[in-house]
Amino acid sequence: MKKKFMKKSAAAVMSAAMVLAAPAAVSAADYLSIQKESLGEFTTSLAEGIDALYASVDDGAGAFEISTQFSDTAKLMFSMGASIDLSWLDNALIRMDWEADKENLEIKSVAAAYLNDQELLHALLKTDYPKQLQMVLFPELTGAVLSSDLNIRVNDESVDEEEWLNLLETLKDPAAYAPDGQTTKELLDRHLGIALEYVEVQESSDTTLELAVGDFPATIYEAKLTNANVDSMFYEIAETMKDDEQLAQVIQNFEKASPELEGLYDDFVQSMERILEEHENEAPADETETGEDAYLLLNLFTDEEGQVIGRTIGAIDSDGDVKFSWAAPVEGDTEYYTLLMESDSSTMELYGSGERENGLLSGTYMLCIDGERNLRFRLDQVDTKAFTTGKIMINLADETADQDQAEMMESMGIKMLFNGEGEV
């Protein structure tokens, strides 16, 4: 049972990576061609992100704020709770500006707390990763520097100093040890592409994509990956990975990052050989063991123009179903979005809409758990790829709240600001 679960979980992860590409225009109304093109879109986007990440590993700076405005209702409730007059309380804010020193592997920060737009306190912070130290100075309170050990541990054991310094050196230039974007794309295209050959495709049909943000006409392409096919797919991928020279080079390059990784490639080959040997010696399973009633659901939805606007991944089993759905239809300048995770006992959904200008998104989104609204997110000119610019305001949300409660929740929230230049 444990082995079957591991196979099923691995298949689910590979399938999720395969189908979670951003909306992509497709040229043919055929499930496999759509999936292959979407896989290419996904791996291309991932490759670009990896290369951008490597390019950004340099001295950098940033800032963020957390702020709250207090409504009259909030002031009254706090005054009653504290038994003192807090009618003067208007707003509170915490801001931190930071800069990173890649060469010395340090981060220096300035944090300040404000009340009613007046600074109460500020602190100077420094994180020294080679020495594993966090240092803090409060100029208004004391001239003494407070310090504490970062106490970085692996498997509940302290990290050897030499190993730690070697690891930090590799972080200065990760591209010297990790695969670049193009290599990553080629490996994923090759090995995830195998999974497509084992998907059982059914007939497509017209349908309505019913979302919390509205209903949208669509074509549904239904497909599934059965438990029996997962076994065959799993072992074919293992065999392909074992003989993949490009993957071998990537793993051998990892070994150079630390003496602790010596022999990593040999361990990988041996693990693949054990999997394949297990497959060869495995007795044919009966119908009950193969679990024909258990499968992975891999549906997708397209609009009238052949644009992929939604996907559903589901683990269907006699023990209970778990489904993960994503949809992002577009109407004019409005981008709708729904992310839904549901099981037999609970649901969690994030939905909303916004408009994008120069690649930056502004909109309002709700987080609901078991059908009840919990949080509201307001995005203002947010770079949703890297989260380096823009503002996000987070408020509590409760559709059962009365007017006073709603006013208080609306005024009190967390505001996060992103700016890679260290200024907001």
Side-chain angles (χ1 to χ4, degrees), residues 16 20-23 45 49 62-71 73-74 90-96 98 114 209-216 309-313 323-343 346-421 423-424:
L20 285 181
S45 177
F64 71 87
E65 287 184 3
I66 298 177
S67 62
T68 297
Q69 299 288 331
F70 296 99
S71 67
T73 303
D90 293 324
N91 59 71
L93 180 146
I94 296 176
R95 176 188 171 95
M96 177 176 284
W98 60 269
Y114 298 82
L209 189 55
E210 298 179 351
L211 308 174
V213 292
D215 297 341
F216 302 86
I309 60 171
R311 302 179 183 277
T312 297
I313 305 170
K323 293 182 180 179
F324 174 90
S325 301
W326 160 88
V330 177
E331 282 188 349
D333 295 330
T334 303
E335 297 183 9
Y336 297 93
Y337 186 83
T338 295
L339 187 65
L340 174 64
M341 288 171 279
E342 55 185 332
S343 66
S346 64
T347 63
M348 183 169 69
E349 184 174 20
L350 176 67
Y351 66 87
S353 62
E355 295 186 1
R356 197 176 296 272
E357 181 179 355
N358 297 324
L360 304 178
L361 181 65
S362 299
T364 301
Y365 302 84
M366 300 293 301
L367 176 66
C368 298
I369 298 178
D370 294 333
E372 295 185 1
R373 295 180 179 181
N374 292 93
L375 293 175
R376 178 187 292 107
F377 299 83
R378 288 190 178 90
L379 277 61
D380 182 12
Q381 297 289 294
V382 174
D383 173 8
T384 54
K385 287 188 176 180
F387 287 94
T388 55
T389 59
K391 304 176 184 178
I392 299 178
M393 185 70 183
I394 306 173
N395 297 93
L396 293 173
D398 185 353
E399 54 193 338
T400 65
D402 59 32
Q403 184 174 350
D404 288 341
Q405 290 173 323
E407 180 187 352
M408 183 179 70
M409 289 189 294
E410 181 70 19
S411 65
M412 298 179 60
I414 296 175
K415 180 170 65 175
M416 297 185 295
L417 297 93
F418 308 93
N419 190 300
E421 301 302 320
E423 296 179 358
V424 178

> Which atom pair, heavy atoms only, marks the closest approach of P329 to A327?
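Heavy atoms of P329 and A327 come nearest at CD-C, 3.6 Å.
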
> To the closest 0.5 Å, what do you measure between CG (L209) and OG1 (T312)?
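Spacing of CG (L209) from OG1 (T312) equals 8.0 Å.
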
> When rounded to the nearest 0.5 angstrom, what is the spacing between CD in E349 and CZ in R373?
10.5 Å

> Could you give the distance from CD1 (I94) to OH (Y114), rounded to the nearest 0.5 Å?
11.5 Å

> Could you tell me whether M341 atom CE has more than 12 heavy atoms of other residues or ligands within 6.0 Å of it?
yes

> Show the nearest heavy-atom pair for residues T334 and S353, with the distance to one decimal.
CG2-CB, 3.9 Å

> Rounded at 0.5 Å granularity, tell me how far OG1 in T338 sits from CZ in F216.
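Output value for this atom pair is 7.5 Å.
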
> Keeping D370 on the side-chain end and T347 on the backbone end, is there a donor-acceptor pair under 3.5 Å?
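Yes, the answer is positive, given that a donor and an acceptor are paired below the 3.5 Å cut-off.
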
> Is the shortest side-chain heavy-atom distance between M348 and L367 below 4.5 Å?
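Of all side-chain heavy-atom pairs linking L367 with M348, at least one is under 4.5 Å.
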
> Distance check, rounded to the nearest 0.5 Å: R311 atom CZ versus S325 atom OG?
12.0 Å

> Go through the steps for S362 and L379 under the test side-chain contact (heavy atoms from CB on, under 4.5 Å), then give the verdict.
CA-CA 5 Å; S362 299; L379 277 61; 5.6 Å; no

> Between atom CZ of R378 and atom NZ of K391, what is the distance when rounded to the nearest 0.5 Å?
14.0 Å

> Answer whether the closest heavy-atom distance between the side chains of L339 and F324 falls below 4.5 Å.
yes

> How far apart are the closest heavy atoms of I392 and F377, and which atoms are they?
CG2-CD2, 4.4 Å

> I'd like to know whether CG of D215 has more than 12 heavy-atom contacts from other residues, nucleotides or ligands below 6.0 angstrom.
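Yes, CG of D215 has more than 12 neighbouring heavy atoms, counting only those of other groups under 6.0 Å.
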
> Check L340 against E342 and note the closest heavy-atom contact, atom names and distance.
CD2-OE2, 3.7 Å

> Got Y336 and Y351 here, is their nearest side-chain heavy-atom distance under 4.5 Å?
no

